[in-house]
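All values below were derived from every heavy atom in this structure, side-chain atoms included, with hydrogens, water molecules and symmetry-related copies excluded.
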Amino acid sequence: MSKTIIYTVRVEFGDCDPAGIVFFPNFFRWYDAASRNFFHQCGVPPWRETEKTRGIIGTPVVDISSRFVRPATYGDQVEVHSTIIEWNDKTFVMRHELKRDGELLCEGRDTRVFAIRHPEDPNRIKAIAIPQDIREMCS
């Protein structure tokens, strides 16, 4: 298990559907933002810098899911609690718990890889082994 990092989101009117509840794709957008925030808070430089120094362009999602428990609406301030629950050779799994005033609204899980540009075709990406120093920064 890794650190748990909290990313705060203010739900805006435009995040909601006509019923006034958050449109479900926005949760996935917030999970993604919380993932980058997680690495930033752990001391990992922005991906544009890691691309220059190590070739790492980011951590793209290879699988994602979410379970919705309670709705959120505009004006809510919610927190995304993110942690890495599983490290593998080339993949890792993040859990995201979205809460309002401590109450669980939804929980998501995504599997990601550290990626570089494919050496034979820069239009493609290639998963690499998870860098040990980054794993240690996040623990």
Side-chain angles (χ1 to χ4, degrees):
M1 191 83 83
S2 71
K3 299 174 183 177
T4 297
I5 304 293
I6 297 173
Y7 177 72
T8 303
V9 175
R10 162 81 65 205
V11 179
E12 301 296 337
F13 180 80
D15 296 324
C16 299
D17 64 16
I21 61 174
V22 172
F23 186 46
F24 76 92
N26 287 310
F27 292 102
F28 293 100
R29 183 170 55 95
W30 296 332
Y31 297 160
D32 191 58
S35 173
R36 179 59 210 143
N37 180 69
F38 176 90
F39 286 105
H40 175 75
Q41 295 299 321
C42 289
V44 178
W47 300 133
R48 66 183 164 275
E49 290 180 30
T50 61
E51 182 174 16
K52 292 175 191 172
T53 60
R54 303 170 74 166
I56 298 170
I57 60 172
T59 56
V61 172
V62 295
D63 188 38
I64 192 167
S65 63
S66 190
R67 183 175 76 88
F68 304 99
V69 179
R70 300 214 180 291
T73 190
Y74 59 90
D76 286 349
Q77 183 167 306
V78 297
E79 296 178 332
V80 184
H81 297 244
S82 300
T83 189
I84 297 174
I85 59 171
E86 183 179 324
W87 292 101
N88 300 299
D89 291 336
K90 288 189 176 183
T91 64
F92 63 96
V93 179
M94 293 193 84
R95 181 180 63 221
H96 308 283
E97 294 180 335
L98 195 131
K99 299 177 181 184
R100 178 186 53 227
D101 299 324
E103 178 183 35
L104 182 67
L105 302 180
C106 66
E107 55 188 2
R109 181 179 292 236
D110 55 39
T111 303
R112 295 171 174 268
V113 298
F114 279 82
I116 62 171
R117 296 192 190 283
H118 197 285
E120 297 169 11
D121 182 354
N123 293 320
R124 294 175 44 212
I125 62 173
K126 178 182 176 183
I128 60 168
I130 296 171
Q132 186 62 34
D133 63 321
I134 292 178
R135 186 185 298 213
E136 290 170 3
M137 294 168 92
C138 300
S139 296

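In this structure the side chain of R109 reaches within 4.5 angstrom of the side chain of I85, judged on heavy atoms. Between C106 and H96, the closest side-chain pair of non-hydrogen atoms is not below 4.5 Å. Here the side chains of Y7 and R36 are not in contact, with every heavy-atom distance at 4.5 Å or above. Counting heavy atoms from C-beta on, the side chains of W30 and V22 come closer than 4.5 Å.
Taking a 4.5 Å side-chain heavy-atom cut-off between Ile, Leu, Val, Met, Phe, Trp and Tyr, the cluster of I57 extends to I125. Under a 4.5 Å side-chain heavy-atom criterion applied to ILVMFWY residues, the cluster that includes L104 comprises V69 as well.
In terms of hydrophobic clustering, with Ile, Leu, Val, Met, Phe, Trp and Tyr side chains grouped at heavy-atom distances under 4.5 Å, L98 and F28 are assigned to a common cluster. Residues I116 and I130 share a single hydrophobic cluster, defined by chaining ILVMFWY side chains whose heavy atoms lie under 4.5 Å apart. No continuous path of hydrophobic side-chain contacts links F38 to V78 [ILVMFWY only; heavy atoms under 4.5 Å]. Using a 4.5 Å cut-off between side-chain heavy atoms of Ile, Leu, Val, Met, Phe, Trp and Tyr, with links allowed through other members, L105 and V9 fall into the same hydrophobic cluster. No continuous path of hydrophobic side-chain contacts links I84 to Y31 [ILVMFWY only; heavy atoms under 4.5 Å].
Less than 6.0 angstrom separates the ring centroid of F92 from the ring centroid of F114.
In this structure, H40 places its NE2 atom where only 12 or fewer heavy-atom neighbours from other residues, nucleotides or ligands lie under 6.0 Å away. Heavy atoms of other residues, nucleotides or ligands lying less than 6.0 angstrom from NZ of K126 number 12 at most. Other residues, nucleotides and ligands contribute more than 12 heavy atoms inside 6.0 Å of the CG atom of D17. Remark: R29 CZ is packed, more than 12 non-hydrogen atoms of other residues, nucleotides or ligands lying under 6.0 Å away.
Rounding to the nearest 0.5 angstrom, the gap separating the CG atom in D63 from the CG atom in D110 is 8.5 Å.
Judged by distance alone, with hydrogens and angles left aside, the side-chain atoms of T59 form no donor-acceptor pair with the main-chain N or O of R112 at under 3.5 Å. Here the side chain of R124 pairs no donor or acceptor atom with the backbone of R117 at under 3.5 angstrom.
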Exercise. Evaluate salt bridge (Lys or Arg N to Asp or Glu O under 4.0 Å) for K99 paired with E79, printing each intermediate quantity in order.
Key: CA-CA 5 Å; K99 299 177 181 184; E79 296 178 332; over 6 Å; no
Counting only pairs under 3.5 Å, give me each side-chain donor-acceptor contact of residues 131-139, with atom names and distances, residues two or more places apart or in other chains.
| from | atom 1 | to | atom 2 | distance (Å) |
| --- | --- | --- | --- | --- |
| Q132 | NE2 | E136 | OE2 | 3.3 |
| D133 | OD1 | R54 | NH2 | 2.8 |
| D133 | OD2 | R54 | NH1 | 3.0 |
| R135 | NH2 | N88 | O | 3.2 |
| S139 | OG | R135 | O | 3.0 |

